[in-house]
Amino acid sequence: MKNTLKKLTPEPVIAWLRGAESDLKLYHETMRQMRRFRRNYARRGTNGKTQVESRLIFFTHQIEKGLSHEHFRYGFGRTVLEQFAPLLKQLKSMDPNVQANPVWASAIDALHEYRVKHERAGKDLSAVRALFDPDIWNMIGEADGKRGGILVIKSADKADNASKTFRELSESRHSLREFADERVSAEEIMRCIDVAMRTPSVCNRQPTRVHVITNPDVIAKAMPLQGGYRGYAMPPALVLITADNRAFMSQDERNEGFVDGGLFGMSLLLALEEAGLAACPLNTMLPAKRDDATRRLLHLLDSEFLVMYIAVGHFLPESKTCHSQRFTASDIATVIA
Ligand SMILES: Cc1cc2nc3c(=O)[nH]c(=O)nc-3n(C[C@H](O)[C@H](O)[C@H](O)COP(=O)(O)O)c2cc1C
């Protein structure tokens with residue numbers, strides 16, 4: 001009976017029915033995703049340990065960014081420190097073995113560098129000290145600075161990147177936000193995009209699109225809309241990775257573009273590193289107004305959505321960047337044997 005009905009129903013009717021069913025599922029599954037996100041994300045005022053750790057990593061990163069600036073500004077980060085200090089206290093009270101916690105160690109080490117840099121220059125830190133519990137302030141003073149703070153990157157160390165193993169290339173890639181005052185051509189970037197074309201994608205449908213921007217005026221308009229790059233000079237080139245919804249076939253795939261575009265982004269970052277170009281991925285999870293303005297500025301198709309930017313430039317002879325300490329494999333992996 002079911003098969004006979006199927007045979008008798010014209011294809012446009014089947015397509016319409018399937019479309020209506022898919023629209024309903026799209027609504028319900030998006031709401032379900034929204035609810036899961038709301039239950040779990042690291043919102044301000046959170047009491048979950050993992051969420052507190054996420055917020056601490058965020059603030060550690062803010063301090064590391066400030067420390068790594070070529071034009072360093074003493075006294076930076078006051079508003080960051082105001083949130084940072086109580087979160088450290090919160091984590092200390094939640095984790096009986098906090099000294100072994102990698103998030104704690106990285107935060108304390110970044111703050112150590114902040115403290116030492118200011119004290120060496122004879123700056124008054126009394127207002128910053130007042131934010132922290134005395135015992136935490138002492139731990140910051142006594143830290144060894146090995147798991148947080150800044151790294152120094154030298155262009156000379158990049159000369160043989162093309163012959164490095166994957167492990168070496170991956171370990172030596174770092175996000176850089178300050179570049180040499182030298183043009184990057186679209187051709188240089190296109191060669192790296194060619195390398196990244198081997199990135200896998202769902203059923204090989206290749207939803208990723210790449211916009212290479214070398215026009216300084218367009219970059220100067222795009223970056224303030226991005227919002228996460230304040231305080232730095234404009235990069236010589238900017239790459240926007242998007243995904244095209246026209247590659248997807250059902251509501252189940254509504255997030256697939258972020259996965260495929262993200263994979264592509266990592267390939268491209270490594271291809272840029274191999275080519276001896278410095279880069280920094282930049283987020284494009286923009287609020288609606290800035291998303292719309294970016295779409296207009298870059299003439300994006302309605303079917304495209306933003307996945308990430310990558311700022312690209314040539315290495316400075318020497319530059320500083322964030323330490324960005326990583327968890328270990330055993331911190332994040334669960335084995336189901
Ligand atoms: C999707 C994504 C978005 C990012 N957005 C920004 C950003 O808006 N501003 C920024 O300065 N860095 C940004 N970064 C760079 C991260 O801070 C950096 O990758 C992280 O600290 C790890 O450091 P590493 O890349 O040097 O290993 C982003 C990275 C990724 C992967």
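Both counts, for ligands and for their atoms, begin at 1 and track the order of listing. Note that these values count all heavy atoms, side chains included, but never hydrogens, waters or copies made by symmetry.
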*Asks:* Set out, in order, the CA-CA distance, both residues' side-chain angles and the distance that settles side-chain contact (heavy atoms from CB on, under 4.5 Å) for V218 and L238, then state yes or no.
*Replies:* CA-CA 9 Å; V218 177; L238 187 61; over 6 Å; no
*Asks:* For S324, counting its heavy atoms only, list the atoms of ligand 1 lying under 4.0 Å from any of them.
*Replies:*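 Those atoms are 20 (C), 21 (O), 22 (C), 23 (O).
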*Asks:* Enumerate the atoms of ligand 1 whose separation from the nearest heavy atom of Q226 is less than 4.0 angstrom.
*Replies:*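 Close to Q226: 7 (C), 8 (O).
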*Asks:* Where the closest heavy atom to atom 7 (C) of ligand 1 is concerned, which of I241, I57, L282, T321 has it?
*Replies:*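 Considering heavy atoms of I241, I57, L282, T321, the nearest to atom 7 (C) of ligand 1 sits in L282.
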*Asks:* Roughly how far apart are M308 CE and L268 CG, rounded to 0.5 Å?
*Replies:*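 Here the interatomic distance stands at 9.0 Å.
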*Asks:* Rounded to the nearest 0.5 Å, how far apart are OH of Y229 and CD1 of I219?
*Replies:*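 Between atom OH of Y229 and atom CD1 of I219 there are 9.5 Å.
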*Asks:* Enumerate the atoms of ligand 1 whose separation from the nearest heavy atom of G228 is less than 4.0 angstrom.
*Replies:*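 Those qualifying, in numeric order: 7 (C), 8 (O), 9 (N), 10 (C), 11 (O).
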*Asks:* Rounded at 0.5 Å granularity, tell me how far CD in E64 sits from OG1 in T321.
*Replies:*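 So the CD of E64 and the OG1 of T321 are separated by 8.5 Å.
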*Asks:* For ligand 1, does C280 get within less than 4.0 Å through its side chain, its backbone, both, or neither, judged by non-hydrogen atoms?
*Replies:*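 The part of C280 near ligand 1 is the side chain, not the backbone.
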*Asks:* Any donor-acceptor pair under 3.5 Å linking the side chain of E253 with the backbone of Q251?
*Replies:*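 No; judged by distance alone, with no hydrogens or angles, the pair does not exist.
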*Asks:* For R326, which part has a heavy atom under 4.0 Å from ligand 1: side chain, backbone, both, or neither?
*Replies:*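 Side chain only; the backbone of R326 stays clear of ligand 1.
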*Asks:* Among protein heavy atoms, which lies nearest atom 3 (C) of ligand 1, and at what distance?
*Replies:*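 For atom 3 (C) of ligand 1, the nearest protein heavy atom is N283 N, 3.3 Å.
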*Asks:* Ignoring hydrogens and geometry, is there a side-chain-to-backbone donor-acceptor pair from K158 to S172 under 3.5 Å?
*Replies:*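 Present.
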*Asks:* Mark up the atoms of ligand 1 that fall under 4.0 Å of a heavy atom belonging to H174, in ascending order.
*Replies:*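 It comes down to these atoms of ligand 1: 26 (O).
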*Asks:* Treating Q226 as the side-chain partner and N283 as the backbone partner, does any N or O pair qualify as donor plus acceptor under 3.5 Å?
*Replies:*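 Such a contact is found between Q226 side chain and N283 backbone.
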*Asks:* Applying a 4.0 Å heavy-atom criterion (strictly less than), which segment of P281 is in contact with ligand 1: side chain, backbone, both, or neither?
*Replies:*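 For P281, backbone and side-chain atoms both sit under 4.0 Å from ligand 1.
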*Asks:* Any protein heavy atom at under 4.0 Å, with atom 15 (C) of ligand 1 as the reference point?
*Replies:*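 Neighbour list for atom 15 (C) of ligand 1 includes protein heavy atoms (cut-off 4.0 Å).
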*Asks:* Counting both backbone and side chain atoms, is some N or O of C322 under 3.5 Å from an N or O of ligand 1?
*Replies:*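 C322 vs ligand 1: no N/O contact under 3.5 Å.
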*Asks:* With the threshold set at under 4.0 angstrom, would you say R173 reaches ligand 1 through any of its heavy atoms?
*Replies:*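 The answer is yes: ligand 1 sits under 4.0 Å from a heavy atom of R173.
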*Asks:* Considering only heavy atoms of R177, which atoms of ligand 1 have at least one such atom less than 4.0 Å away?
*Replies:*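 Heavy-atom distances to R177 below 4.0 Å select 10 (C), 11 (O), 12 (N), 15 (C), 16 (C), 17 (O).
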*Asks:* How does M308 reach ligand 1, if at all, at less than 4.0 Å between non-hydrogen atoms: by side chain, backbone, both, or neither?
*Replies:*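 Neither; no heavy atom under 4.0 Å.
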*Asks:* Does the side chain of E53 pick up a donor-acceptor pair with the side chain of N101 at under 3.5 Å?
*Replies:*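 The answer is yes; a qualifying pair exists.
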*Asks:* Do any N or O atoms from the side chain of R290 and from the backbone of L225 form a donor-acceptor pair under 3.5 angstrom?
*Replies:*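 Yes, R290 side chain to L225 backbone: donor-acceptor pair under 3.5 Å.
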*Asks:* Taking atom types as modelled and ignoring hydrogens, do the side chains of T328 and D331 form a donor-acceptor contact shorter than 3.5 angstrom?
*Replies:*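 Looking only at side-chain atoms, D331 and T328 do form a donor-acceptor pair, the distance falling under 3.5 Å.
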*Asks:* Tell me: protein heavy atom nearest atom 18 (C) of ligand 1, and distance?
*Replies:*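 Of every protein heavy atom, S175 OG, 3.6 Å lies nearest to atom 18 (C) of ligand 1.
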